[in-house]
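Everything below concerns the one structure shown next.
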Amino acid sequence: MCIRDRNHSSWLVPIIPGTEEIIQYTLYNNGTSPSIFNLDAGFSQTAPGWVVEIEPSITPYMTVGEELIVTVIVQPPSLSLPFDPLTKLAEGNQLTLWTSVTPVDGGPNVQQTTLEVQSTIMVELMTDQTEFPISSTELMSGPVSRFVDMDMELRHNLISGISTTVDIQVSTNVSDFSSTTPSNGPNEILRWNSSVTPSQMSMELGESQPLVTTILGPSDYHPLAGTLTINVIANLTLSGALSGIQAPETNLSLTFEIPEYSQAEIEIPPPTTVTPEILSTVPIILANTGNHQTNFTFSVSGPDGWITSVSPSSAPNLHSIIDAWPSVGGDNLTLTLSVTAPQNTRADTPFTVNITVFSDSGEILTVAPIPFMVQEVIGGSLSVDYAVAVIPVNGNSSIALEANNTGNSLQTFTIAIEESLEDINLTMISSTEIEIEPGQFSIVQVEVTAEQFARADENHSAQIVLLHNGVELDR
């Protein structure tokens, strides 16, 4: 069994402080029998802050002549200010990395690689907080705006002191967004803006500089729910006496957790006129105006006696308006509201049927009043159908009838008497113009007077007529 370095021409590997180094080896079973091998790695010297990992830590069953790629990951610590010699990061310092391969039924084979620290000047970006939760209250108060205070230090591992300045450029970018619903928000990073102040400066080795990073959220709609990553990046420009010195890019990631906020809106249509006891349907448009794809359920309630329903009764996985920004669509659904008003429902009164929208957790998001008017129905009747008055000569009597409003609105009715009698007089005691509420009645009184020569051997008759705007309704 033997091991060979794959990605370096020698067993000497250059190391830059704070920068991960991946070393690949080829493990070759050149023994006489197949086996499984245990792998390990470490440092021959004490190395505070250095970390090493090996993958895999145990091989599959390897036949004679079979090869396997082994990866060793070395993570040196970052430079400190002031420089700490115990970290073994001084320029030119060498550290021995060992890798051990042990067959399950044999002894170890140890291979050594020398790690050599390179001359390095680098920036360290520091802040007290790198993870920022955003509250729902902040989402609703307007565009998100955050200002992150940072410090930047110019560090080095040069043994010989160099008095010079280094030009530094600092920038930011919105590098990644992960939606709470996979595949949504492919362009969400384009809706955010970030910057850093100052962005350009010259610093001497060992100096510090305060920075402020500004993060501004979308101004059109809510930010999409998920995790946003913004990188603050520092690059150095080395020249003259610093030529040949390593100057790695420094990157500090800031993450922002945008919570899910559920919101729905229903477009209120103009009033719909319905006819009592006849089913009517109204299309209702629902929009998901929250910041994530979610489920909605609906309920409906109407005035007493009204029969109401809504279809469908739920909207599973309805997209929000920003899921596919800048594309639009897929964030609304047309519901069908069905209503039947009961008989005699008043036509002179507006009615509302309420649609309630619930979130996935059962929270009421909105209650939308859908307006209705009822078609006016004009109707009236007289009761009783037949009335008899017995009148003495030169005397009088009265007849009482009920005028009923069988329509569904307050109306004014006219009462008229039609007769061609001799010696018999009929006079309206009550008003000939009466206002009656729907479903109510008014008493109609008629006085009948017999003159001296009114005949007793004949039946005398007359008709009472109920009219509305000149149209006869009953008699």
Side-chain angles (χ1 to χ4, degrees), residues 133-144 179-185 188 191 217-227 256-274 279-325 328-342 345 349-374:
I134 295 175
S135 67
S136 297
T137 302
E138 187 175 0
L139 288 182
M140 296 305 299
S141 63
V144 174
S179 172
T180 56
T181 302
S183 77
N184 286 345
E188 182 66 11
R191 304 179 64 216
S219 58
D220 49 358
Y221 302 105
H222 297 311
L224 189 60
T227 301
F256 296 84
E257 296 292 337
I258 299 102
E260 291 185 344
Y261 176 78
S262 296
Q263 188 176 18
E265 289 184 2
I266 284 182
E267 183 178 318
I268 306 298
T272 301
T273 300
V274 299
L279 175 67
S280 299
T281 59
V282 183
I284 303 295
I285 298 176
L286 165 79
N288 178 0
T289 54
N291 71 341
H292 66 113
Q293 183 177 349
T294 189
N295 305 319
F296 297 104
T297 55
F298 319 112
S299 69
V300 60
S301 61
D304 289 344
W306 286 56
I307 300 172
T308 59
S309 65
V310 64
S311 178
S313 60
S314 64
N317 295 317
L318 185 62
H319 281 284
S320 75
I321 195 170
I322 50 177
D323 283 350
W325 185 96
V328 296
D331 60 303
N332 55 61
L333 175 70
T334 299
L335 311 176
T336 299
L337 175 62
S338 301
V339 300
T340 303
T345 302
T349 301
F351 294 91
T352 57
V353 173
N354 290 328
I355 298 179
T356 303
V357 183
F358 299 90
S359 70
D360 208 14
S361 62
E363 175 190 4
I364 294 178
L365 300 179
T366 187
V367 179
I370 309 302
F372 286 90
M373 297 298 293
V374 178

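Throughout, numbering of the chain's residues begins at 1 and tracks the sequence. Remember, it's a predicted structure, so these values are computed and weren't measured experimentally.
- In terms of heavy atoms, P223 sits closest to V144 at CG-CG2, 4.2 Å.
- The shortest distance between side-chain heavy atoms of P369 and I355 does not fall below 4.5 Å.
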After noting the C-alpha distance and the side-chain angles of H319 and N288, does the key distance pass the side-chain contact (heavy atoms from CB on, under 4.5 Å) rule?
CA-CA 7 Å; H319 281 284; N288 178 0; 5.8 Å; no
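- Summarising the geometry, atom OG belonging to S309 is positioned 7.0 Å from atom CG belonging to L337; distances are rounded to the nearest 0.5 Å.
- Side-chain contact, Q293 with T181: no donor N or O sits under 3.5 Å from an acceptor N or O.
- Note: W306 and F351 have tilted aromatic rings, judged against thresholds of 30 and 60 degrees for the angle between ring planes.
- S301 pairs in a side chain to side chain contact (heavy atoms under 4.5 Å, CB included) with only one of the listed residues (T356, V367, T308, N354), which is N354.
- For the pair D220 and R191, the minimum side-chain heavy-atom distance is below 4.5 Å.
- What you find for G330 and L318 is that their closest heavy atoms are O-CD1, 3.8 Å.
- Closest heavy-atom contact between G217 and P143: O-CB, 4.2 Å.
- A distance of 10.0 Å separates OG1 of T273 from CZ of F372, quoted to the nearest 0.5 Å.
- Here the side chain of N291 pairs a donor or acceptor atom with the backbone of Y261 at under 3.5 angstrom.
- Under 3.5 Å, the side chains of S135 and T137 contain no donor-acceptor pair of N or O atoms.
- Taking all atoms of both residues into account, the shortest heavy-atom contact from I284 to P269 is CD1-CG, 3.8 Å.
- I268 and A368 get closest at one heavy-atom pair: CD1-CB, 3.8 Å.
- Residues L139 and I134 form a side-chain contact, since some pair of their non-hydrogen atoms from C-beta on lies under 4.5 Å apart.
- S338 pairs in a side chain to side chain contact (heavy atoms under 4.5 Å, CB included) with only one of the listed residues (L279, V310, V300), which is L279.
- Contact annotation: the side chain of P312 approaches that of L333 to within less than 4.5 Å [non-hydrogen atoms, C-beta and beyond].
- In this structure, OG1 on T366 lies 8.5 Å from CD on Q263, to the nearest 0.5 angstrom.
- Side-chain contact between L365 and F358 is absent, with no heavy-atom pair separated by less than 4.5 Å.
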Evaluate the criterion side-chain contact (heavy atoms from CB on, under 4.5 Å) for residue pair I370 and I266; output intermediate values, then yes/no.
CA-CA 9 Å; I370 309 302; I266 284 182; 4.3 Å; yes
Using the rule given for side-chain contact (heavy atoms from CB on, under 4.5 Å), can you reason through N317 versus N295, listing the C-alpha separation, both sets of side-chain angles and the distance that settles it, and then say yes or no?
CA-CA 5 Å; N317 295 317; N295 305 319; 3.5 Å; yes
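- Checking side-chain atoms of S314 against main-chain N and O of P316 turns up no donor-acceptor pair under 3.5 Å.
- Within the 4.5 Å cutoff, the side chain of S320 has heavy atoms near those of the L224 side chain.
- Once rounded to the nearest 0.5 Å, the distance linking OG of S179 with CD of E188 reads 8.0 Å.
- Between S359 and S262, the shortest heavy-atom distance links the atoms CB-CB, 4.3 Å.
- Residue N332 holds its CG atom at 8.5 Å from CD1 of I321, rounded to the nearest 0.5 Å.
- Here the rule is side chain to side chain donor-acceptor pair (under 3.5 Å) with T180, and of E257, H292, E260 only E260 fits it.
- The distance from the OG1 atom of T281 to the CG atom of L335 is 12.5 Å, given to the nearest 0.5 Å.
- The closest side-chain heavy-atom distance from D323 to D331 is not below 4.5 Å.
- When side chains are defined from C-beta on, L286 counts as touching F298, because their heavy atoms get closer than 4.5 Å.
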